[in-house]
Trainee: 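Right, I'll just put the structure down here and ask away after.
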There are 2 protein chains.
Amino acid sequence: MKRTAQDISYSDDTAQTARFAKALSHPVRLTILKYLNNQSCCFTGDLVEVLPMAQSTISQHLKELKEAGLIQGDVNPPRIKYCIHQKNWNKAQELFEVLFNKDFDKISCC
Amino acid sequence: MKRTAQDISYSDDTAQTARFAKALSHPVRLTILKYLNNQSCCFTGDLVEVLPMAQSTISQHLKELKEAGLIQGDVNPPRIKYCIHQKNWNKAQELFEVLFNKDFDKISCC
DNA sequence: ATTTGTTATCGCAAATATACGATGAATAAA
DNA sequence: TTTATTCATCGTATATTTGCGATAACAAAT
């Protein structure tokens, strides 16, 4: 019985890092995150004004960021206020730090 | 004349960060990078032994990592030695650091 | 109860990503 | 020259992503 890619199970950290990276892999989502991280929380409508794309498209990107855990939305009728999900944002930062951290005993060969 | 998502041009850093993030967004590629970063350079065959997937699939992931600039391959007939592309790897680290870095004048509202 | 403002979701089309087996290319060894 | 080894590339099938317009959902105001 042959093993294929479907059988692979990755460590929690690897899977989580990949999930975060995927959320960060689109320039629109990066723009949204930078906006939230640097300026303030905002409403969907604020982003619709800034970004030249359909409202439905932006809403979809927000959904992906929310599902990845990087942002959170608080109902503030009739609007929804989006903010960085600080705890998960910190976790993502930590995972990327670990990823880029060389082990001290790395063997260099090139 | 309507503006759509196709018209958007992003800053170099945003585009580059997105490209790096996309390369990091698959657990197999993360596994390869961790392997290279923590242990040593390696040949494609080493990865084929470690990862339970088709050789062609692994080769494809290596190609994507190479195209993203995160690794480099040195011909070492009949094999190819893959290593982290240190300069671009450092650049990626820097871009993610900037991404997660809060500006000091951030306005907190939630 | 109806209307308004805001945002999410649906349905679709096009593009991209993922994985595989089969084949090709290149070099070293026989 | 042939063979063996190693790795890339091709062709293909399936799944996921991206983007849009249209529509639904929901609370607040009228």
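Below, chain A is the first sequence line, B the second, and so on; all start at residue 1. Every value quoted in this text rests on a predicted model; they were computed, and no experiment measured them.
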Trainee: Calculate the interatomic distance between F43(B) atom CZ and dA8(D) atom P; express it in whole Å.
Mentor: 12 Å

Trainee: Nearest whole angstrom, please: distance from the C1' of dC7(D) to the CG of L65(B).
Mentor: 16 Å

Trainee: Does dT6(C) have its OP1 or OP2 closer than 4.0 Å to a side-chain nitrogen or oxygen of T44(A)?
Mentor: no

Trainee: Quick one: which protein N/O atoms are closer than 3.5 Å to N/O atoms of nucleotides 23-26 of chain C? Pair and distance per line, please.
Mentor:
none

Trainee: Considering all heavy atoms of both residues, which atom of F100(B) and which atom of N37(A) are nearest to each other, and what is their separation?
Mentor: O-ND2, 4.1 Å

Trainee: Does K22(B) have a side-chain nitrogen or oxygen under 4.0 Å from the phosphate oxygens OP1 or OP2 of dT17(D)?
Mentor: no

Trainee: Over how many whole Å does the gap from D46(B) atom CG to dT6(D) atom P extend?
Mentor: 10 Å

Trainee: Is S56(B) near enough to dA8(D) that one of its side-chain N or O atoms lies under 4.0 angstrom from OP1 or OP2?
Mentor: no

Trainee: Closer than 4.0 Å, any side-chain N/O of R79(B) to the OP1 or OP2 of dA28(C)?
Mentor: no

Trainee: Let me have the donor-acceptor pairs involving side chains of residues 43-54 of chain B, under 3.5 Å, with sequence neighbours excluded, atom names and distances please.
Mentor:
| residue | atom | partner | partner atom | Å |
| --- | --- | --- | --- | --- |
| D46(B) | OD2 | F43(B) | N | 2.9 |

Trainee: Tell me whether the OP1 or OP2 atom of dG19(D) has a side-chain N or O from H61(A) closer than 4.0 Å.
Mentor: yes

Trainee: When we call it a touch if two heavy atoms are under 4.0 Å apart, what does S59(B) touch: a base, just sugar-phosphate, or nothing?
Mentor: base

Trainee: How many Å lie between CD on Q60(A) and C1' on dC20(D), as a whole number?
Mentor: 9 Å

Trainee: Separation of H26(B) atom NE2 from dA19(C) atom C1', in whole Å?
Mentor: 9 Å

